[in-house]
Amino acid sequence: MSITRRNSLGAALAAGFAVAMAGPAAAQGPVRIGAVLSVTGPASFLGDPELKTLQLYIDQVNAQGGLLGRKLVLVHYDDGGEAGKANGFTKRLLDNDHVDVIIGGSTTGSTMAMIPLVDRAQVPFISLAGGVEIVEPVKKWVFKTPYTDRMAAERVFADMKQRGLTKVALLSETSGFGISGRKQSKLVAAKYGITLVADETYGPKDTDVTAQLTKIKSNPAVQALFVFGFGQGPALVTKNYAQLGMKMPLYQSHGVASEGFIKLAGAAAEGVRLPSAPLLIADKLPAGDPQKKVVEDYVTAYTTKYHEPVSGFGGDTYTAFEIWVDAVKRAGSFDKAKVRDAIEQTKGFVGISGIVNMSPTDHMGLDVSAARLLEIHNGTWTLVK
Amino acid sequence: MALPRSFGLGALLVVLAVLPAILPNDFYLDVAIRMAINAVVVIGLNLLIGYTGQISLGHAGFLGIGAYASAILTANYGWPSAAAMLAGAIGSGGLALLVARPILRLKGHYLAMATLGLGIIISIVLVNEVALTGGPDGMSVPNFSLFGFEIASEQAWYWVVAVLLLGTTWLALNLIDSPAGRALQAIHGSEIAARVAGIDTTAAKVRIFVLSAVLTSIMGSVTAHYLAFVTPTLSDFFHSIALVTMVVIGGMASIYGSLLGAVLLTALPQVLAGLEGGETVVFGLILIVTMIFLPRGLVPSLALRRLALRRRRA
Amino acid sequence: MSEFVQFMFSGVTSGAIYALAALGFALIYNASNVINFAQGEFIMLGGMAAAFFNAHGVPLMLAVPLAIAVTAIAGLLVEKLAIEPAKNADVTTLIIITIGVSLVMRGLVQIFLGKNTRPLPSFSGDAPFSALGATILPQSLWILATTLATVAALAWYFGRTRAGKAMLATSYNRLAAQLVGVNTRAVLLASFGLAAALGALGGVLVAPITGASYDSGIMLGMKGFVAATLGGLGSGMGAVAGGLLLGIVEAMTAGYLSSSYKDALPFVLILLVLFFLPNGLFGAKTTERV
C-alpha cells in the first residue's frame with residue numbers, strides 16, 4: 001500500500017493548490033487499478049469486504065511477479081456512500097491518477113454517478129452494484145458482476161411458485177438496498193404468478209418490528225413472507241417473527257447471505273430460505289460443480305488473511321478483478337480499448353458470482369440460475385434442490 | 001474585517017480569474033467548482049446563522065429540492081433547465097416562507113431540532129418517492145442549456161460558478177452594510193432590544209431565511225446539472241451538518257470566513273482520502289480542536305488576534 | 001384487542017430505549033445547556049463494548065457492568081477533553097464540538113472493533129411470554145424494568161442526595177449555585193459520566209434484540225433528541241414521557257396506518273408539537289433577558 005499512501009500525501013500538499021504535484025509518468029511503471037468504494041457510511045457492509053478482496057488479490061498477483069510482467073497498484077477512495085463524492089473521486093482517478101481500469105461503485109447510485117465520466121474518458125469500468133440500470137441499456141465501457149436485485153427476487157418467487165405459494169407479503173427495509181429490492185420485487189412478481197397482498201417497510205435501525213409483522217400475520221390471505229433488507233434489520237425481523245409464533249414460510253434476500261445473520265438471529269433463523277452465490281456452501285457443493293474450486297479457494301484465502309467470514313459482496317469483487325485479469329491476458333496488453341473488447345468477449349468464465357458469459361448486448365453475463373437457493377438448517381446453510 | 005470592500009472583492013476576482021490557468025488538470029478544477037458551489041450556499045447560510053443568530057440544521061433539504069426540481073422537471077417533463085431551476089427556487093422559497101414564522105419563533109436547541117426535522121422529512125420524501133425520484137439509486141440529469149448553449153465541460157461550469165460566487169459575495173457584503181443587514185445583526189445581539197428599537201424582527205428573520213433557502217436551492221440545481229446525476233444523500237442530515245460546519249469553522253458573521261470554510265472543508269476529504277478508515281477520526285478531531293482554540297471560527301479569531309497584536313505594539 | 005396489545009408491547013419496548021437515550025440528553029442539557037450530539041455514540045459504545053467483552057469470554061453478568069463503566073469513563077474523557085476547554089462557547093459551536101466527538105467515537109470503534117454487527121445473548125433466553133393474546137420477549141421486560149428502575153433511582157438521586165441537588169441547582173442557575181458553594185465544574189463532569197452510563201445501559205439492553213454495530217448510535221441518538229425535545233428539554237419526566245410517546249406512536253402508525261413513512265413520523269410529530277408548544281410538552285417557559 002505504500003504507493004497509495006505516498007499518493008495521498010502528495011494530494012495533501014496539492015490540495016492547497018500547490019502546483020507541484022505532477023501526474024504519474026505512464027510508460028512502463030506499475031499498472032494502476034482505480035477503485036471507488038463505500039468503505040465507510042451506511043453501505044460499508046459492501047465496501048469493506050470489496051476493498052479487502054481487491055487488496056488480497058492484487059497482492060497475490062504481485063507476489064507471483066505481476067501481470068504481463070508489470071506490478072499492479074491499487075488507488076482507492078472511499079465515497080462514504082455518497083454519489084457526489086463518487087463522481088469527484090472518479091475524476092481524480094481519471095484525470096490525476098491516470099488509472100487503467102476502475103473497479104467499484106459499491107452502490108447503484110455511486111455507479112450511475114461515475115458512468116458519464118468513464119464513458120467520456122474511455123476507461124474500462126466494472127461495477128460492483130446490483131442495479132439493473134447499470135447494464136440496461138448496455139453502455140460501451142461499463143460492466144458489472146453481481147447479479148441484480150431483480151434476479152434475487154426472481155429466484156425467490158420461482159421457489160414460491162414451485163411450492164404453490166402465490167399470495168405473498170413483502171416487508172422491505174427503508175435503506176437503499178431494501179428500497180431497490182422492493183421496486184424490483186414489485187416489477188417481477190406477476191411474471192411468476194405471485195400477488196403481493198401486503199407491502200410493509202421497516203427502518204434499518206429499528207428496535208422492534210412486531211407491529212408490521214402482527215399486521216401481516218392477521219392478514220388471512222398471506223401465504224409467505226419475503227423480507228428484503230441487509231444486516232441487523234432482517235435478523236430483528238426473524239426474531240420478531242419467531243416471537244409472534246408465525247408459521248408462514250419466511251424468505252430473505254441475498255442481503256443476509258453471511259454467517260453474521262445466523263449468529264444474530266440465532267435459533268429463530270431455522271427454516272429461513274434465501275438466494276445466494278454458492279459462497280456460503282462451498283463445502284457442500286457436489287464434487288462435480290464447476291464453481292467448487294474457485295469458491296473454496298476464495299473462502300480459504302479470505303478467511304486466512306482477515307479472520308472473518310466471507311460475504312457475497314467480496315465474492316463479486318473477486319469475479320470483477322479476475323475478469324479484468326483474464327481479459328488483460330487475452331488482449332496481451334493493457335490498452336484500454338483492447339481490454340474492453342476482451343472483457344466483452346468473456347465466455348464461460350468461472351467466477352464466484354456465477355459462470356459469466358458476456359456479449360455486446362449483455363455486460364453482466366449471468367442468468368437467474370447463478371443464484372442458488374439456500375435454507376438454514378441446524379444453524380447452518382443447506383442447498384435447496 | 002477591516003478590509004475595504006472593493007479590495008476583498010478585487011482579490012477574489014483575481015484569484016478566480018487566475019485559478020484555471022494554474023490548476024494542473026480537470027480534477028483540480030472539479031474540486032474548485034465544488035468549493036465555489038459550497039461557498040455560495042455557506043455565505044447564504046451564514047447570513048442566517050452568523051449574522052441573524054438563527055441556526056439551521058436542515059439546509060441540505062433545500063439543496064435537495066432545487067436539485068430534484070431540476071432533475072425531475074428537465075428529465076421527465078422536458079422543461080427548459082432555467083425554468084426548472086426557477087421552479088425549484090420558487091418551491092424552496094415558498095416552503096421556507098410557509099414554515100418560517102412558526103419555526104423562527106423557536107429558540108436555541110428547539111430551533112435546531114425543528115430545522116433538523118424539516119431537512120430530514122424532505123430527505124425521506126426524496127428517498128421514498130421512488131417512482132418520481134428513483135429512490136436511493138438516484139436519477140440522471142440532462143446538461144444545463146440556455147439559449148441553445150449547453151454547459152457541460154468543467155471549464156464552462158467553472159466560469160458559471162465563479163460568476164455566481166462573485167455575485168453572491170458582492171450581494172452579501174452589501175446586504176450586511178445596509179440598514180436591513182444592521183437590523184439582522186441587532187436581532188443576533190438581542191431580539192427583544194431589536195424589537196424595542198422598532199425593528200420588525202419576525203419579518204426580518206423570515207426574509208433572510210427565505211433568501212438563504214432560495215440561494216441554496218439554486219445551488220442544488222447547479223449541483224444536479226454539474227454532476228449530471230443526483231441522489232438523496234445530497235439532502236441528508238450529514239450534508240446539512242457539513243454546511244453548518246463550514247459556516248462555523250470559517251467564522252460566524254464573516255463573509256470571507258464562509259469562503260475559507262467552504263474551501264478548507266471541501267478540500268479536506270480529498271486530503272484525508274487514503275487514511276484507510278481514519279478519515280472520520282481525523283475529521284472529528286479537526287472540528288473539536290478548531291472549535292476549542294478558535295471558537296469564533298478561523299477568520300474572526302485570527303482577525304481579533306491580529307488586532308490585539310497591533311494594539312500591544314501601539 | 002390482541003393486536004392493540006401487541007402494538008403497545010412493540011411501542012413501549014422501543015419507547016423505553018428512546019426514553020433512556022432522551023434522559024441522557026436531558027441530564028447534560030440541565031448541567032451545561034449543551035445538546036450532546038454524541039449521546040447516541042454512548043449507546044453504541046455500550047452495546048459494542050458488551051458484545052466485544054462477551055465474545056472474548058467475559059460472562060454476560062460481568063460484561064454488562066464492564067461495558068457501562070468503560071462508556072462512563074469515555075463520557076468523563078469527552079467532558080474533560082472537548083467540552084470543558086470550550087468553556088462558554090455558544091450553542092452552534094458546542095453542537096459542532098459534540099458532532100466532532102461523535103465522529104471520533106464512531107471512527108475509533110470502527111477501526112478497533114470492526115464494521116460487522118456483533119451479537120449479544122439475551123439476558124434470560126428468547127422464549128416469549130404470552131399475555132392478553134400478544135407476546136413479548138423476555139429482553140423487552142428487562143428493558144422496561146430497567147428503565148423504570150432507572151427513573152426511580154434518578155428521582156431519588158435528584159430529590160434526596162446532596163450531589164443530585166447540586167446538579168439540579170446548577171441547572172436552574174449556574175451562577176447562584178456557584179455562589180452557594182456548588183462545584184459546578186464537578187457537576188458538569190458528573191453529568192457527562194452519568195449520561196454516558198445511561199446511554200450505555202440503553203445500548204446493552206437493546207443489543208440482544210438488534211445486535212450492536214458501530215453505526216447504530218446515529219438513529220438512536222436522533223430519536224433520543226426528538227424524545228427529549230418532545231418532552232421539553234431538560235425535563236427528566238418529560239424525556240421519559242417523550243420517549244414512550246414516540247415509541248407508541250411509531251408502533252400504532254406502523255400497525256394501523258402505513259409503515260412506509262414511519263421514519264418521517266418522529267420529525268413530523270416534533271414539528272407539529274413545536275409549532276403549537278414552542279417549549280415541548282412539559283418544558284418550562286423561559287423568558288429572554290435583555
Side-chain angles (χ1 to χ4, degrees), chain A residues 1 4-9 11-17 19-23 39-42 48 51 75-78 80-89 91-97 107-117 129 131 133 174-180 182-183 201, chain B residues 15 19 21-35 37 63 67 124 127-131 134-141 143 152-154 223-224 226-234 236 238-239 242 263-264 266-280:
Chain A
M1 290 318 305
T4 315
R5 281 264 162 72
R6 195 170 69 215
N7 191 39
S8 70
L9 194 70
L13 298 170
F17 285 100
V19 201
M21 190 184 149
V39 181
T40 59
D48 191 52
L51 177 60
V75 186
H76 68 89
Y77 300 113
D78 171 21
E82 287 176 41
K85 273 195 189 171
N87 175 289
F89 281 131
K91 278 188 188 143
R92 186 163 170 180
L93 287 176
L94 295 169
D95 294 332
N96 200 58
D97 301 321
T107 65
T108 305
S110 289
T111 300
M112 295 307 285
M114 294 162 74
I115 285 177
L117 303 174
E133 56 267 51
T174 54
S175 59
F177 186 80
I179 289 176
S180 171
R182 173 169 175 244
K183 186 167 82 179
T201 64
Chain B
V15 170
L19 259 188
I22 59 169
L23 293 179
N25 58 40
D26 279 358
F27 157 64
Y28 288 92
L29 206 56
D30 172 69
V31 177
I33 292 168
R34 286 164 198 259
M35 287 172 174
I37 291 175
L63 216 49
I124 290 179
V127 168
N128 272 350
E129 292 305 312
V130 180
D137 289 349
M139 63 185 292
S140 297
V141 189
N143 282 341
S153 70
E154 273 85 8
T223 307
Y226 171 61
L227 296 179
F229 196 81
V230 57
T231 61
T233 48
L234 185 70
D236 71 9
F238 299 103
H239 201 139
V263 166
L264 290 181
T266 311
L268 202 55
Q270 295 289 348
V271 178
L272 297 182
L275 277 184
E276 307 265 341
E279 300 102 315
T280 328

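Values reported hereafter were calculated over all heavy atoms of this structure, with side chains retained and with hydrogens, waters and symmetry mates removed. Each chain gets a letter, A, B and so on, in the order its sequence line appears, and its residues count up from 1.
Residue B/Leu227 touches chain A through both its backbone and its side chain, counting heavy-atom pairs closer than 4.5 Å. Heavy-atom distances place both the backbone and the side chain of A/Asn87 under 4.5 Å from chain B. Only the side chain of B/Tyr226 comes within contact range of chain A, with heavy atoms under 4.5 Å apart. Using a 4.5 Å cut-off between heavy atoms, B/Val127 touches chain A through backbone and side chain atoms alike. Heavy-atom distances place both the backbone and the side chain of B/Phe27 under 4.5 Å from chain A.
In summary, the side chains of B/Asn25 and A/Asp95 do not present any donor paired with an acceptor at a separation below 3.5 Å, with no hydrogens or angles considered.
Rounded to the nearest 0.5 Å, atoms NZ (A/Lys91) and CD (B/Glu154) are 4.5 Å apart. Within the model, atoms CG of B/Asp30 and CZ of A/Phe89 stand 10.5 Å from one another, a figure rounded to the nearest 0.5 Å.
Counting heavy-atom pairs under 4.5 Å between each of B/Thr231, B/Thr223, B/Asp137, B/Val230 and chain A puts B/Asp137 at the top. Interface check for chain B: of the options A/Gly81, A/Ala129, A/Gly88, A/Gly176, the most heavy-atom pairs under 4.5 Å are formed by A/Gly88. For the set A/Ser175, A/Ala113, A/Ser110, the count of heavy-atom pairs under 4.5 angstrom toward chain B peaks at A/Ala113.
Of all heavy-atom pairs spanning B/Phe229 and A/Gly109, the tightest one is CE2-O, 3.4 Å. Shortest non-hydrogen contact noted between A/Arg92 and B/Gln270 is NH1-OE1, 2.6 Å.
Residues B/Asn128 and A/Ile179 have side chains in contact (heavy-atom distance under 4.5 Å, counting atoms from C-beta outward).
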